[in-house]
Asks: 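Next up is a structure, given as structure tokens.
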Amino acid sequence: MTASSRPVRVRIAPSPTGDPHVGTAYIALFNYVFAKQQGGKFILRIEDTDQSRARADSEQMIFDALRWVGLSWDEGPDVGGPFGPYRQSERKAIYAAHAQQLIDRGKAYRCFCTGERLAAVRAAKLAAKDSFLGYDRHCRAVERAESDARAAAGEAHVVRLIVPDGQVVVRDRLRGEVTFDLAQIDDQVLLKSDGMPTYHLANVVDDHLMEITHVIRAEEWISSTPKHVLLYQAFGWDEPAWHHMPLLRNNDKSKISKRKNPVSINYYRDAGILPHALLNFLGLMGWSFGDDREKFTLPEMVEAFTWDRISLGGPVFALDKLTWLNEKYIHELSNDELADALIAWRLRKDYLAQLVPLVRQRIKRLDDFVPATTYFFAGDLDYADVAAELGIPEVAPADVAKGLLGYVDRIEAREGWDHAGLEAEARAWCEALGWKAKHAFMLLRLVVTGRKASPPLFETMAVLGKELTRRRLRQAAELIGKRA
RNA sequence: GGCCCCAUAGUCUAGCGGUCUAGGACGUCGCCCUCUCACGGCGAAAACAAGGGUUCAAGUCCCUUUGGGGUCACCA
């Protein structure tokens with residue numbers, strides 16, 4: 001049976017390395033819609049083969065965020081299914097066995113080169129202005145017996161794919177036939193020296209074993225697709241049908257990134273975007289309904305979906321239209337539903353309970369509470385009233401802006417979001433910059449709260465949450481940067 | 001830089017050779033509605049990147065150029 005005649009099975013395969021990304025929701029949407037329309041299955045698989053980048057809380061945030069927007073999966077790490085496990089770190093033995101199979105078939109080989117040698121080869125090629133910077137295939141020459149012996153002796157190695165000469169044609173449903181010259185392609189590492197597979201191996205093995213029929217992923221993957229095709233061929237398996245969706249973009253058309261856009265699904269949630277509005281908006285990115293409809297539900301999209309209506313120009317993820325759609329969705333709610341939505345958003349007791357200890361000493365009457373806590377409920381702040389104070393004495397605005405972004409980088413690199421950590425980071429940060437804590441903290445306070453007086457700064461940030469805090473810091477940095 | 005993808009207004013898009021003096025939406029601006037502000041209604045400005053072909057006919061097909069993007073890791 002060819003891949004296209006089997007029951008439809010698609011997957012979203014996020015890597016748990018940080019915040020749940022809008023790009024993940026975007027690609028998940030198209031996978032989901034296609035699966036539902038075809039009466040197929042939508043699978044969630046966690047690609048956690050990079051032990052150094054995996055974050056403990058990230059996987060759960062991905063589950064929560066995807067469910068929040070309204071996309072649920074038929075099989076996955078948390079719901080199980082007949083093709084598990086669905087977490088790649090739990091499938092290590094499977095990949096090792098498949099890598100071995102490739103070695104035995106003469107399709108792959110062990111490479112004992114050190115990182116230093118690889119770097120030296122690369123540097124030499126760079127110096128010689130060689131257009132191909134890949135591995136020089138040095139270890140292809142190692143005899144099988146020697147290779148086995150060295151591996152048995154415990155010598156560190158990776159397993160590489162033998163990329164043959166010739167060309168590979170990728171048949172992409174959205175782009176037609178795309179031809180790649182294999183001379184451009186590196187002998188790809190399949191198994192890392194820690195025994196974990198790379199994306200390429202794990203992805204192909206899992207997609208095959210999980211009987212994935214249609215690979216729907218972002219365009220950034222298209223140039224590694226020939227490697228995947230080669231792997232299917234090496235194993236003697238049928239390829240899935242390839243679909244490379246356009247990439248979501250920043251305003252400047254570059255691939256969407258957290259430096260230039262709020263990219264975490266949690267940001268949109270915290271900023272008061274309704275999940276259906278977000279999903280609807282994502283459906284407008286690269287796809288159109290067919291009539292002039294722009295507001296539609298998930299089931300409507302499932303019914304109307306066709307690949308023929310995908311447009312390949314990378315859509316700029318611009319918030320204006322999302323906000324407009326969100327407004328439409330809000331107006332459509334009944335008073336009761338809207339009240340519930342507000343409660344679910346931030347007017348929850350558990351959220352208020354976090355605010356109370358911060359402001360209780362600062363209010364004289366209950367009616368002081370709301371005016372005292374507005375910035376805990378706002379999205380973006382208006383700095384007009386404090387603009388004059390937004391800075392550091394003796395420091396140029398451009399440097400203040402840069403400094404602020406430096407703090408963002410620090411807090412993003414941290415795993416948790418607690419006030420002690422935020423404070424420790426802030427102290428290290430202003431010391432590194434040579435800024436007085438007194439000045440630096442006032443700057444942060446103004447940015448985060450829009451006021452000169454507030455509850456303890458880092459506790460405020462802790463309660464406000466990562467997304468809103470980070471957004472305000474970036475917005476303020478941009479504002480200050482413009483003055484330079 | 002090599003390879004690959006893409007190209008209609010500021011943005012999201014419709015357009016799959018003639019019905020395009022290029023349609024819709026967001027945003028912007030104006031007017032109306034109105035006790036205010038929104039909502040809503042009406043209207044305006046705003047685009048086929050350039051140059052070659054093919055064709056009776058090109059936004060639509062082909063080529064080149066330009067522009068943008070992605071990718072070239074023991075990250076995914």
Side-chain angles (χ1 to χ4, degrees), chain A residues 13-18 21 23-24 45-54 88 111-115 118-119 122 125-126 129-135 156-160 167-168 170 172 174-203 217-227 244-256 280-295 308-328 330-332:
Chain A
S15 182
T17 50
H21 201 281
T24 303
R45 181 172 73 220
I46 294 292
E47 307 228 339
D48 57 349
T49 54
D50 185 350
Q51 77 293 2
S52 63
R53 294 209 312 164
Q88 290 186 329
C111 169
F112 299 92
C113 292
T114 60
L118 261 25
R122 192 185 168 76
K125 288 191 180 228
L126 216 49
K129 295 202 168 152
D130 191 332
S131 68
F132 178 69
L133 298 174
Y135 178 57
H157 63 275
V158 300
V159 175
R160 287 181 186 272
Q167 296 186 323
V168 160
V170 173
D172 185 280
L174 302 172
R175 294 154 205 272
E177 294 190 352
V178 184
T179 304
F180 292 86
D181 190 347
L182 293 180
Q184 296 293 326
I185 297 174
D186 210 356
D187 273 4
Q188 202 61 45
V189 172
L190 301 177
L191 210 60
K192 301 184 252 184
S193 54
D194 65 359
M196 278 295 201
T198 57
Y199 171 82
H200 305 293
L201 208 223
N203 184 262
R217 75 214 316 189
E219 182 184 358
E220 55 187 329
W221 293 109
I222 199 163
S223 48
S224 42
T225 307
K227 300 167 192 170
H244 289 91
M245 292 290 292
L247 241 23
L248 257 24
R249 311 296 184 97
N250 296 313
N251 282 217
D252 64 2
K253 302 279 190 181
S254 57
K255 173 165 98 171
I256 194 168
N280 189 157
F281 181 65
L282 256 11
L284 252 21
M285 300 278 93
W287 184 76
S288 57
F289 203 93
D291 50 23
D292 284 327
R293 219 181 312 183
E294 300 206 277
K295 183 168 175 296
D308 296 334
R309 301 205 64 82
I310 296 285
S311 61
L312 297 172
V316 171
F317 191 87
L319 269 32
D320 277 351
K321 198 156 186 172
L322 171 59
T323 304
W324 165 76
L325 255 184
N326 200 59
E327 176 188 32
K328 295 284 183 202
I330 282 180
H331 292 173
E332 200 173 70

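Labels below follow one simple rule: chain letters A, B, ... track the order of the sequence lines, proteins then strands, and each chain is numbered from 1.
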Asks: Using the P atom as the point on both nucleotides, what is the distance between B:C39 and B:C5, in whole Å?
Replies: 45 Å
Asks: What's the CD1-C1' distance between A:Ile185 and B:C72, to the nearest Å?
Replies: 10 Å
Asks: Does any N or O in the side chain of A:Asn250 come within less than 3.5 Å of the main-chain N or O of A:Asp252, such that one atom is a donor and the other an acceptor?
Replies: no
Asks: Are OP1 or OP2 of B:A14 and a side-chain N or O of A:Arg293 less than 4.0 angstrom apart?
Replies: no
Asks: When you check the gap from the basic side-chain N to the acidic O, do A:Arg293 and A:Asp291 get nearer than 4.0 Å?
Replies: yes
Asks: So what does A:Thr49 touch, heavy atoms closer than 4.0 Å: a base, only the sugar-phosphate, or nothing?
Replies: sugar-phosphate
Asks: Please confirm whether the backbone N or O of A:Val189 pairs with a side-chain atom of A:Thr198, one donor and one acceptor, at under 3.5 Å?
Replies: yes
Asks: Looking for any heavy atom pair under 4.0 Å, which part of the strands does A:Val178 touch: base, sugar-phosphate only, or nothing?
Replies: sugar-phosphate
Asks: Using atom C1' of each nucleotide, how far apart are B:G17 and B:G1 to the nearest Å?
Replies: 39 Å
Asks: Using a 4.0 Å heavy-atom cut-off, does A:Phe180 contact any base of the nucleic acid, only the sugar-phosphate backbone, or nothing at all?
Replies: sugar-phosphate
Asks: Applying salt bridge (charged side-chain N to carboxylate O under 4.0 Å, His left out), name anything that partners A:Lys255, two or more places apart in sequence or on another chain.
Replies: A:Glu220
Asks: Using Watson-Crick or G-U wobble geometry with both distances under 3.5 Å, which nucleotide pairs with B:C39?
Replies: none
Asks: Would you tabulate the pairs of protein nitrogen or oxygen atoms and nucleotide nitrogen or oxygen atoms of nucleotides 6-13 of chain B closer than 3.5 angstrom?
Replies:
| unit_1 | atom_1 | unit_2 | atom_2 | d |
| --- | --- | --- | --- | --- |
| B:C12 | OP1 | A:Val316 | N | 2.8 |
| B:C12 | O2' | A:Leu284 | O | 2.9 |
| B:C12 | O2 | A:Lys321 | NZ | 3.0 |
| B:U13 | OP1 | A:Gly286 | N | 2.4 |

Asks: Identify, between A:Gly290 and A:Trp221, the residue whose nearest nucleotide on RNA chain B lies closer to the 5' end.
Replies: A:Gly290
Asks: Calculate the interatomic distance between A:Phe289 atom CZ and B:A14 atom C1'; express it in whole Å.
Replies: 14 Å
Asks: Kindly compute the distance separating NZ (A:Lys192) from CG (A:Leu201), expressed to the nearest 0.5 Å.
Replies: 11.0 Å
Asks: Check every atom of B:C3, B:G70, B:A76 against the side chain of A:His200 and return the nucleotide holding the closest atom.
Replies: B:A76
Asks: Provide, to the nearest angstrom, the distance between the NZ atom belonging to A:Lys227 and the C1' atom belonging to B:C4.
Replies: 12 Å
Asks: In whole Å, what separates the P atom of B:U13 from that of B:A49?
Replies: 15 Å
Asks: A:Leu322 CG to B:G27 C1': how many Å, rounded?
Replies: 14 Å
Asks: For A:Leu319 and B:U28, what is the distance between atoms CG and P respectively, to the nearest whole Å?
Replies: 14 Å
Asks: For B:A44, what is the paired nucleotide under Watson-Crick or G-U wobble rules, both distances under 3.5 Å?
Replies: B:U28
Asks: What is the distance from atom CH2 of A:Trp221 to atom NE2 of A:His244, rounded to the nearest 0.5 Å?
Replies: 9.0 Å
Asks: Roughly how many Å apart are B:C31 and B:U71, using the P atom of each and rounding to a whole number?
Replies: 48 Å
Asks: Contact class for A:Ser224 vs. all strands (heavy atom < 4.0 Å): base, sugar-phosphate, or nothing?
Replies: nothing
Asks: Using the C1' atoms only, state how far B:C6 lies from B:U65, rounded to an integer number of Å.
Replies: 16 Å
Asks: Roughly how far apart, to the nearest Å, are B:C33 and B:A50 at atom C1'?
Replies: 47 Å
Asks: Under 3.5 Å, side chain of A:Arg53 to main-chain N/O of A:Thr17, donor-acceptor pair present?
Replies: no
Asks: Atom CG of A:Asp181 and atom C1' of B:C3: how far apart are they, to the nearest Å?
Replies: 9 Å
Asks: How far, in whole Å, is B:C37 from B:G30 if one measures between their P atoms?
Replies: 14 Å
Asks: Using a strict 4.0 Å threshold on nitrogen-to-oxygen distance, state whether A:Lys295 and A:Glu332 make a salt bridge.
Replies: yes
Asks: Closest to the A:Leu247 side chain: B:G70, B:C4, B:G23?
Replies: B:G70
Asks: Look through every strand shown and name the nucleotide pairing with B:A9 as Watson-Crick or G-U wobble, where both distances are under 3.5 Å.
Replies: none
Asks: Please state whether the phosphate of B:A73, meaning OP1 or OP2, lies under 4.0 angstrom from any side-chain nitrogen or oxygen of A:Lys192.
Replies: no
Asks: Round to a whole Å and report the spacing from CZ of A:Arg217 to C1' of B:C5.
Replies: 14 Å
Asks: For the side chain of A:Asp50, starting at C-beta, report the closest nucleotide among B:C74, B:A76, B:G69.
Replies: B:A76
Asks: Whether the side chain of A:Thr198 and the base of B:C74 hold a donor-acceptor pair under 3.5 Å is what I'd like checked.
Replies: no
Asks: Under 4.0 Å, heavy atoms only, any strand: does A:Arg249 hit a base, just the sugar-phosphate, or nothing?
Replies: sugar-phosphate
Asks: Donor-acceptor check, side chain of A:Arg309 to backbone of A:Ser288, threshold 3.5 angstrom: yes or no?
Replies: yes
Asks: Just compare B:A76, B:U71, B:G69 and give me whichever is closest to any side-chain atom of A:Glu47.
Replies: B:A76
Asks: Could you tell me which non-hydrogen atom of A:Phe112 sits nearest to which non-hydrogen atom of A:Ala156, and how far apart they are?
Replies: CD2-O, 3.6 Å
Asks: Could you grab the distance from atom CD of A:Gln88 to atom CG of A:Asp50, nearest 0.5 Å is fine?
Replies: 11.5 Å
Asks: Tabulate atom names and distances for all N/O pairs under 3.5 angstrom spanning the protein and nucleotides 38-49 of chain B.
Replies:
| unit_1 | atom_1 | unit_2 | atom_2 | d |
| --- | --- | --- | --- | --- |
| B:G40 | OP1 | A:Lys328 | NZ | 2.7 |

Asks: Could you tell me how far B:G15 sits from B:U54 if I compare only their P atoms? Round to whole Å.
Replies: 28 Å
Asks: Assuming nearest nucleotide by heavy-atom distance, tell me which of A:Glu177 and A:Glu220 is located more 5' along RNA chain B.
Replies: A:Glu177
Asks: To the nearest angstrom, how far is A:His244 atom NE2 from B:C4 atom P?
Replies: 15 Å
